Amino acid sequence: MSLLPTMHRAPPIFRQAPPTMHRAAARLPPARPGPWPRRALCGEAPALVRASGPGVARRLRGQAGVRPGFLSGPEEAALGQEVEPQLRRRRYQFDHWDGAIHGFRETEIAQWSEESREILQRVRDEAFPPGMSQLSLVHVLDLDKSGYIKPHIDSVKFCGCTIAGLSLLSSSVMRLVSEQNPEDWMDLLLPRRSLYILRGPARYEFTHEILKDEESFFDGQKIPRERRISVICRNLPILPAPT
Ligand SMILES: O=C(O)CCC(=O)C(=O)O
């Protein structure tokens, strides 16, 4: 069972139940790139995103993006050193009750060193417009080399329109799949030390997942998955006006 009380006890805070298995089987992207030009994607770092077609690329333009090299090596090391002692107190979980995530441990951190605060502020400045209410707790998720995250949509009760995550220690592939039409997908290559941002339709209308090592291919190329730590900032949901 998760040692983190707020995150995964029923009802799950960040996760809804993953989609059913037959959907997952129906939507694997082909190993080779499609015939349409890959530069017609999110308008940023085009080599890091690949979609099932131009329609999906248009729909997610500006809504799903990756900033490679967002962290320097020393910044990655500083963040890693800061989260490691808290993670080390927890055990990896391989049989989580909601089945959304496998081979992980996690924590939430409110207090950061000055150096990390500056890094996190850069993430916030990049991801959220001024004045947007944000979760003060930063979610830190440590995936074992064999760990992976199944398709899910973060709970709308606890998380607003934007998810911004730093990738430490390993590159990985994040897959977005349309809830409405499983044929519509986008893969994001998340290089080590990059920042990804999901917002709007990418956050609400597409599931997201982190592929396991055996399935970790981007554009036909193997992206080896090592142990990976993500540091994730979210904004607060906009509460409905009182009646
Ligand atoms: O590790 C990541 O970057 C993704 C985390 C995630 O999918 C989530 O917490 O909902």
Side-chain angles (χ1 to χ4, degrees), residues 1-29 76 79-110 135 137-155 157-159 163-177 179 182 185 187-194 196 198 203 206-218 222-234:
M1 194 175 71
S2 172
L3 294 172
L4 186 71
T6 55
M7 218 163 277
H8 282 307
R9 292 225 174 110
I13 287 185
F14 288 131
R15 299 190 173 82
Q16 292 176 345
T20 49
M21 286 314 287
H22 68 274
R23 280 197 42 199
R27 61 181 164 63
L28 277 182
E76 179 194 39
L79 278 176
Q81 272 167 28
E82 191 156 354
V83 301
E84 196 74 65
Q86 302 215 30
L87 292 170
R88 229 182 280 132
R89 284 190 225 126
R90 305 167 195 278
R91 284 214 196 124
Y92 285 106
Q93 299 175 57
F94 290 89
D95 52 357
H96 193 259
W97 66 270
D98 71 2
I101 182 164
H102 177 87
F104 76 107
R105 51 190 183 180
E106 65 187 343
T107 187
E108 289 175 306
I109 302 182
L135 270 87
L137 289 173
V138 176
H139 181 194
V140 178
L141 182 55
D142 177 356
L143 275 185
D144 179 68
K145 179 175 169 55
S146 65
Y148 57 94
I149 303 177
K150 294 183 194 173
H152 67 281
I153 293 178
D154 290 13
S155 166
K157 263 198 198 160
F158 301 100
C159 170
I163 304 165
L166 293 167
S167 297
L168 277 52
L169 304 182
S170 177
S171 300
S172 62
V173 179
M174 175 176 274
R175 176 163 298 155
L176 311 183
V177 178
E179 278 264 278
W185 55 264
D187 280 354
L188 308 179
L189 173 57
L190 308 181
R192 178 177 177 180
R193 299 198 279 270
S194 64
Y196 70 82
L198 303 180
R203 178 258 184 274
F206 284 68
T207 59
H208 60 275
E209 63 193 289
I210 296 285
L211 302 183
K212 60 175 82 165
D213 184 48
E214 304 91 277
E215 295 169 4
S216 187
F217 288 85
F218 179 81
K222 175 75 182 163
I223 307 297
R225 259 287 322 285
E226 305 297 333
R227 176 188 174 208
R228 171 179 181 271
I229 296 177
S230 49
V231 177
I232 305 158
C233 297
R234 295 177 167 89

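Just so it is clear, the model here is predicted, and its values are computed rather than measured. For this chain, numbers begin at 1 and follow the sequence in order.
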Looking at [X] and [Y], does any basic side-chain N land under 4.0 Å from a carboxylate oxygen?
X: E108; Y: R234; answer: no
X: D213; Y: K222; answer: yes
X: R175; Y: E215; answer: no
X: D142; Y: R227; answer: yes

Evaluate the side-chain proximity of [Y] to [X]: yes if any heavy-atom separation is below 4.5 Å, no if none is.
X: T107; Y: R90; answer: yes
X: H102; Y: F94; answer: yes
X: E226; Y: P224; answer: yes
X: I101; Y: L141; answer: yes
X: R192; Y: S170; answer: no
X: F217; Y: L211; answer: no

Whether the side chain of K145 engages the backbone of R225 through a donor-acceptor N/O pair (distance < 3.5 Å, no angle test) should be reported.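 Yes.
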Donor-acceptor under 3.5 Å (S230 side chain, I232 main chain) = no
### Query
Looking at V177, L176, D154, which hits side-chain contact (heavy atoms from CB on, under 4.5 Å) with T207?
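Exactly one option meets the side-chain contact (heavy atoms from CB on, under 4.5 Å) with T207, and it is V177.
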